[in-house]
Amino acid sequence: MRVTSSVLVGLCSLASIFVSGPARSAEPGAVVHDVGYVLVSVEAGSWTRGGEAVGDADEAPGHAVTVTRPFQLGATEVTQALYERVMGSNPSAGEGRNWRGSTSGGRCDAHGVGPAFPVTCVSWEQALLFCNRLSELEGLTPAYKRGDGVWWWDASASGYRLPTEAEWEL
């Protein structure tokens with residue numbers, strides 16, 4: 001699957017990131033990289049998305065969505081402790097620094113600074129780099145590759161990645 005940053009520019013303004021990966025032999029509730037970050041198992045399944053009477057016009061009409069493989073998803077957003085352990089820095093601790101993608105002057109530390117708080121002020125590309133680095137630290141094959149300025153998701157890779165839209169909605 002080919003992914004370009006211009007297609008996903010809206011994701012760059014998210015305050016935090018979740019990681020996802022293929023279901024592994026790890027027990028449900030497995031802790032990632034020794035910092036208390038918990039993954040939960042999600043089974044494959046189908047459901048109807050959209051078509052609700054309330055919500056965005058983009059939600060209509062309803063359509064079937066299927067996730068064909070089980071996976072594991074972070075029980076919470078990626079914590080500052082995990083991000084710092086993996087990347088060596090904490091972008092949330094910007095002491096009043098404003099998130100450059102914010103249209104409302106959002107501060108990097110507005111949601112709190114500390115090991116258990118979600119990491120903030122992370123761009124989409126930084127999120128991909130985080131997933132790849134975490135994968136490497138755990139001996140897994142990184143899920144994202146880059147060439148000629150374009151990011152590619154290798155769906156057969158064993159490493160961590162951002163959840164797909166369908167996985168997020170499940």
Side-chain angles (χ1 to χ4, degrees), residues 1-32 37-79 82-83 86 91-92 99-104 106 110-111 117-135 138 140-170:
M1 172 181 210
R2 189 175 98 165
V3 185
T4 65
S5 58
S6 60
V7 171
L8 296 173
V9 72
L11 290 179
C12 295
S13 62
L14 289 177
S16 53
I17 56 176
F18 284 78
V19 292
S20 177
R24 300 192 232 305
S25 59
E27 294 293 319
V31 175
V32 176
Y37 186 73
V38 177
L39 295 176
V40 295
S41 295
V42 180
E43 297 300 319
S46 297
W47 72 99
T48 301
R49 178 173 186 260
E52 295 90 12
V54 179
D56 291 334
D58 293 339
E59 298 288 326
H63 58 280
V65 176
T66 300
V67 172
T68 59
R69 298 184 301 184
F71 62 98
Q72 292 185 314
L73 181 68
T76 66
E77 298 95 341
V78 170
T79 62
L82 178 58
Y83 192 90
V86 172
S92 305
W99 167 237
R100 62 182 157 74
S102 173
T103 58
S104 61
H111 299 290
F117 285 97
V119 68
T120 57
C121 293
V122 176
S123 71
W124 176 77
E125 185 171 22
Q126 288 170 315
L128 301 186
L129 292 169
F130 167 82
C131 290
N132 278 354
R133 180 71 183 131
L134 178 59
S135 298
E138 300 219 345
L140 303 170
T141 304
Y144 298 106
K145 297 177 181 15
R146 184 175 183 180
D148 295 328
V150 176
W151 283 93
W152 297 84
W153 170 38
D154 179 357
S156 67
S158 61
Y160 293 96
R161 60 182 173 77
L162 302 176
T164 65
E165 183 177 1
E167 290 169 345
W168 180 258
E169 298 268 337
L170 187 63

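It should be emphasised that the depicted structure is a prediction, and the values quoted were computed from it without experimental measurement.
- To the nearest 0.5 Å, atom CZ of residue R146 and atom CG of residue L129 are 8.0 Å apart.
- Across all their heavy atoms, A143 and A157 have their closest contact at CA-CB, 3.7 Å.
- Taking the side-chain hydrogen bond (donor to acceptor under 3.5 Å, both in side chains) definition, one finds that T66 meets it with S46, sequence neighbours left out.
- Counting heavy atoms from C-beta on, the side chains of L39 and Y160 come closer than 4.5 Å.
- We find the CD-CZ distance between E125 and F130 to be 15.5 Å, quoted to the nearest 0.5 Å.
- Nearest heavy atom pair, residue L134 against residue L82, reads CD1-CD1, 4.4 Å.
- In this structure, R69 places its CZ atom where only 12 or fewer heavy-atom neighbours from other residues, nucleotides or ligands lie under 6.0 Å away.
- Across all non-hydrogen atoms, the minimal contact from Q126 to C121 is OE1-O, 3.7 Å.
- Without hydrogens or angle criteria, T141 side chain to G159 main chain gives no donor-acceptor distance under 3.5 Å.
- Taking 4.5 Å as the limit, some side-chain heavy atom of W153 sits within range of a side-chain heavy atom of T164.
- S135 and P142 get closest at one heavy-atom pair: CB-CA, 4.0 Å.
- With rounding to the nearest 0.5 angstrom, the CG atom of L162 is 10.5 Å from the CD atom of E167.
- Side chains of V38 and T76 form no contact here, defined as non-hydrogen atoms less than 4.5 Å apart.
- Judged purely by atom type and a 3.5 angstrom limit, S92 uses its side chain to pair as donor or acceptor with the backbone of T120.
- Between W124 and W151, the ring planes lie perpendicular to each other; the angle is over 60°, past the 30° to 60° tilted range.
- A donor-acceptor pair is defined here as one N or O able to donate and one able to accept, closer than 3.5 Å; such a pair exists between the side chain of N132 and the backbone of Y144.
- Scanning all heavy atoms of the two residues, the minimum distance from S41 to Q72 falls at OG-NE2, 3.6 Å.
- At least one side-chain heavy atom of V122 sits under 4.5 Å from a side-chain heavy atom of Y83.
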